[in-house]
Amino acid sequence: MVDIDNIKNVAIIGGGIMGSGIAQIALLTGYEKVTVIDLSSEILEKSRKLLQKRIEALESAEKCKEFFASNEMLKNLDFKKKLESFESVGIVANKVDTKTIMNRLYTETEISKGVKDADFVIEAVTEKLELKQGIFKQLGEFTPPQAILASNTSSMSITKIAKDSKRPEKVIGCHFHTFFPITGMLIEITPGEKSSEESLVIGHQIAQRFPCLAGKRFTVCLEKEFDGLIANRISLPVQIYFDWLVDYANNNGFTLEQLGVLQMAFQIADLVGIDTIYNIMEYFEKYVSPDFAPGKHMEKLIKSGRLGKKVGKGYYDWNEDGSIRNPLSIDENALKFLEKHLKEEIFLAIQFNEACRVLEAGVVKSYRLIDKVIFKGTFSPGPFKTGKNNYKEWTKLLYKLAEETGKSYLKPCEMMESGKFLTLR
Ligand code: NAD
């Protein structure tokens with residue numbers, strides 16, 4: 001069994017939103033060497049600068065506050081308290097300075113060089129299956145034989161990703177639920193069909209050690225692989241509905257600019273990356289249900305290069321300092337038009353149904369665990385908390401919704417309709 005204390009070198013493939021975020025927590029965990037690998041030295045330089053700023057920001061509560069000033073979700077946190085209880089292995093608490101931490105960061109454009117002495121590799125490249133399969137083929141060739149090889153995929157089968165790796169027993173899923181891993185508590189560990197118990201145990205231990213600003217890190221191990229894992233899987237069918245809704249409004253003459261009432265969803269999509277959501281929907285369309293086909297408005301955004309905040313434009317235009325340049329106003333006519341569709345209950349029912357599918361597939365054994373995962377990932381109550389008392393009403397609602405939208409995937413599953421989930425507490 002690999003000893004967790006012998007894991008010294010971590011390599012991260014992809015230095016984008018997630019690669020940079022994972023590099024930050026790997027550096028703060030105290031690994032001796034953290035190597036970020038990406039296609040060009042320009043991308044790597046951008047990632048290095050971001051990391052420098054993000055690590056410096058943790059030196060004091062004042063710096064933290066300044067750093068998060070334009071982040072609506074985080075700007076009001078009590079950073080002093082958060083930093084005091086920061087569960088890193090003490091690297092910040094022990095006043096190890098940013099320079100020392102940054103000296104452990106290496107960058108590389110060639111995978112063969114970047115992973116040659118890695119003990120743990122985490123892949124965080126664009127969400128495209130063939131691309132990931134190609135990366136894992138190289139990891140199988142160039143990493144030391146004992147290395148654990150993880151993918152941060154949001155949606156895909158680890159078995160498919162590991163197909164050409166020649167070492168599928170070493171390959172696992174290690175999915176950080178939010179686009180800012182230092183503030184998100186949830187990490188999901190997933191097996192592929194051939195992942196060894198040892199790889200999963202080590203992956204779990206490594207994940208559990210990553211520091212988290214929001215509180216104690218929460219890592220869940222899935223019983224079996226499932227496209228979209230738990231948290232994303234539960235929220236993805238909402239995207240079917242959301243895409244339908246935006247296209248429906250567009251078809252009725254309302255432009256994206258008039259749909260300011262959907263601003264929260266637009267903002268999150270811009271932060272996650274429109275291309276990432278699009279790629280996930282395409283994968284789901286192919287492997288789960290054709291109803292996941294990305295909406296027309298989303299296709300337009302992709303075609304015009306509006307990939308989200310990371311490129312400065314998505315649903316919104318973004319300023320350099322991370323603020324929004326063109327906030328949308330709420331158009332009264334559009335609001336009236338959408339009102340009958342914007343009921344919280346619809347969103348909750350869709351998520352509840354999908355949570356029942358997660359149970360039905362045997363991904364976890366109890367619905368309480370699903371509720372815990374959702375709470376740790378989103379800070380909102382889990383789907384069963386309200387769903388268990390409302391499922392009969394929601395069953396009717398979902399049949400109606402499936403008919404109205406023409407999306408049969410939104411129909412209630414057997415586990416929901418029959419109430420069988422109640423036996424899997
Ligand atoms: P991103 O577009 O910000 O970054 C992807 C990076 O991969 C880019 O820098 C790109 O240059 C690099 N890349 C592409 N091909 C490469 C190659 N052959 N070799 C090396 N680097 C290559 O995307 P992201 O948001 O960081 O997402 C990365 C992965 O993490 C995806 O699998 C995504 O589904 C997953 N994920 C994303 C989020 C999120 O909120 N954005 C959350 C959890 C997981």
Side-chain angles (χ1 to χ4, degrees), residues 11-25 35-51 73 107-115 118 121-139 142 149-158 160-161 164 171 173-190 207 210 227-233 235-236 239 265 267-284 302 305-314 318 377-378:
I12 299 153
I13 325 275
I17 298 177
M18 292 310 292
S20 300
I22 298 166
Q24 181 186 16
I25 52 176
T35 309
V36 179
I37 302 155
D38 208 307
L39 296 171
S40 71
S41 38
E42 291 74 36
I43 300 175
L44 290 166
E45 200 37 44
K46 201 172 149 199
S47 175
R48 180 181 279 281
K49 281 195 183 135
L50 185 70
L51 279 163
M73 285 178 254
T107 54
E108 187 48 76
T109 51
E110 281 178 49
I111 292 184
S112 57
K113 287 190 192 153
V115 301
V121 181
I122 178 145
E123 166 277 311
V125 302
T126 315
E127 188 78 343
K128 286 276 185 195
L129 183 59
E130 308 72 43
L131 174 63
K132 290 187 191 279
Q133 285 171 331
I135 301 274
F136 277 81
K137 185 168 186 248
Q138 293 188 66
L139 294 181
F142 299 119
L149 313 175
S151 172
N152 182 40
T153 178
S154 304
S155 58
M156 296 171 178
S157 146
I158 297 302
K160 289 191 180 82
I161 288 177
D164 301 322
V171 183
C174 177
H175 178 251
F176 294 81
H177 179 63
T178 61
F179 42 80
F180 209 12
I182 196 157
T183 58
M185 282 194 264
L186 175 63
I187 299 180
E188 293 158 285
I189 300 289
T190 327
F210 285 130
D227 292 337
L229 304 103
I230 301 175
N232 279 348
R233 178 69 185 229
S235 63
L236 275 171
Q239 190 72 36
Q267 249 187 68
I268 291 175
D270 270 2
L271 294 172
V272 168
I274 311 285
D275 55 336
T276 299
I277 300 175
Y278 186 89
N279 291 337
I280 293 172
M281 297 302 277
E282 270 198 325
Y283 181 87
F284 264 57
I302 294 284
R306 300 192 74 94
L307 306 186
K309 188 182 175 197
K310 62 185 167 189
V311 296
K313 55 184 185 174
W318 293 82
T378 63

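Just follow the structure's listing: the first ligand is 1, and inside any ligand the first atom is 1.
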* Look at atom 17 (C) of ligand 1 and say which protein heavy atom is nearest, naming residue and atom and giving the distance to 0.1 Å. => L39 CD2, 3.4 Å

* Applying side chain to side chain contact (heavy atoms under 4.5 Å, CB included), run through H177 and M185 and close with a yes or a no. => CA-CA 8 Å; H177 179 63; M185 282 194 264; over 6 Å; no

* Distance only, no hydrogens: is a donor on one side chain within 3.5 Å (strictly under) of an acceptor on the other, for S151 and E123? -> yes

* Atom pair OG/CG of S112 and L139 - distance to nearest 0.5 Å -> 11.0 Å

* Going by the order shown, which atoms of ligand 1 are within less than 4.0 Å of some heavy atom of S154? -> 33 (C), 34 (O), 35 (C), 36 (N), 37 (C), 43 (C), 44 (C)

* Structure fact -> Under 4.0 Å from one or more heavy atoms of F179, ligand 1 contributes atoms 39 (C), 40 (O)

* Asked: Nearest protein heavy atom to atom 32 (O) of ligand 1, by residue and atom, and its distance?
  -> E127 OE1, 2.5 Å

* **Closest approach of I189 to A207 (non-hydrogen atoms, all atoms of both residues)** => CD1-CB, 4.1 Å

* Separation between CD of E42 and CD of E45, rounded to the nearest 0.5 Å -> 9.0 Å

* Structure fact -> Under 4.0 Å from one or more heavy atoms of F176, ligand 1 contributes atoms 42 (C), 43 (C), 44 (C)

* To do: Provide, to 0.1 Å, the distance between atom 41 (N) of ligand 1 and the closest protein heavy atom, together with that atom's residue and name.
  => V272 O, 2.9 Å

* So with a 6.0 Å cut-off around NZ of K160, is the heavy-atom count from everything else above 12? -> yes

* Structure fact -> F176 and N152 have their tightest heavy-atom pair at N-OD1, 2.9 Å

* Under 4.0 Å from any heavy atom of L131, which atoms of ligand 1 are there? -> 15 (N), 18 (N)

* Structure fact -> Heavy-atom nearest pair, Y283 first then S155, reads CE2-O, 3.6 Å

* To do: Give the numbers and elements of all ligand 1 atoms closer than 4.0 Å to a heavy atom of I43.
  => 9 (O), 11 (O)

* Asked: Would you say S20's side chain and I17's backbone share a donor-acceptor pair under 3.5 angstrom?
  -> no

* Asked: Would a distance-only check, ignoring hydrogens and angles, find a side-chain to backbone donor-acceptor pair under 3.5 Å from D38 to I43?
  -> no

* To do: Just let me know how I135 lines up against ligand 1, side chain, backbone, both or neither, with a heavy-atom cut-off below 4.0 Å.
  => side chain

* Structure fact -> V121 and A118 have their tightest heavy-atom pair at CG2-CB, 3.8 Å

* Asked: Tell me, which protein residue and heavy-atom name are nearest atom 25 (O) of ligand 1, and how many Å apart are they?
  -> I17 CB, 3.6 Å

* Among protein heavy atoms, which sits nearest to atom 8 (C) of ligand 1, and what does the distance come to when rounded to 0.1 Å? -> D38 OD2, 3.5 Å

* To do: Report the residue from D275, I277, T276 that forms a side-chain contact (heavy atoms from CB on, under 4.5 Å) with L307.
  => D275

* Find all atoms of ligand 1 within a distance of less than 4.0 Å from any non-hydrogen atom belonging to K132, and give their numbers and elements. => 31 (C), 32 (O)

* Asked: Starting from atom 1 (P) of ligand 1, which protein heavy atom do you reach first, and at what distance in Å?
  -> K310 NZ, 3.6 Å

* **Atoms in ligand 1 with a heavy atom of H175 nearer than 4.0 Å** => 43 (C), 44 (C)

* Before signing off on this row, confirm whether T153 and ligand 1 have an N or O atom pair separated by under 3.5 Å. => no

* Heavy-atom distances under 4.0 Å are what count here, so tell me which part of T276 touches ligand 1: side chain, backbone, both or neither. => side chain

* Asked: How far is atom 4 (O) of ligand 1 from its nearest protein heavy atom, and which residue and atom is that?
  -> G16 CA, 3.4 Å

* Worked verdict on Q24 versus F180 for side chain to side chain contact (heavy atoms under 4.5 Å, CB included) -> CA-CA 10 Å; Q24 181 186 16; F180 209 12; 4.2 Å; yes

* Give yes if a backbone or side-chain nitrogen or oxygen of V125 is under 3.5 Å from a nitrogen or oxygen of ligand 1, and no if not. => yes

* Using heavy-atom distances, let me know which of H177, E110, K46, M18 sits nearest atom 38 (C) of ligand 1. => M18

* Asked: For ligand 1, which part of I280 has a heavy atom less than 4.0 Å away: the side chain, the backbone, both, or neither?
  -> neither

* Asked: What protein heavy atom sits nearest atom 30 (O) of ligand 1, and how far off is it?
  -> N152 ND2, 3.0 Å

* To do: Would you please determine whether G273 falls within less than 4.0 Å of ligand 1 on a heavy-atom basis?
  => no

* Structure fact -> Quick note on ligand 1: atoms under 4.0 Å from a heavy atom of T126 include exactly 5 (C), 7 (O), 14 (C)

* Would you say E188's side chain and A231's backbone share a donor-acceptor pair under 3.5 angstrom? -> yes

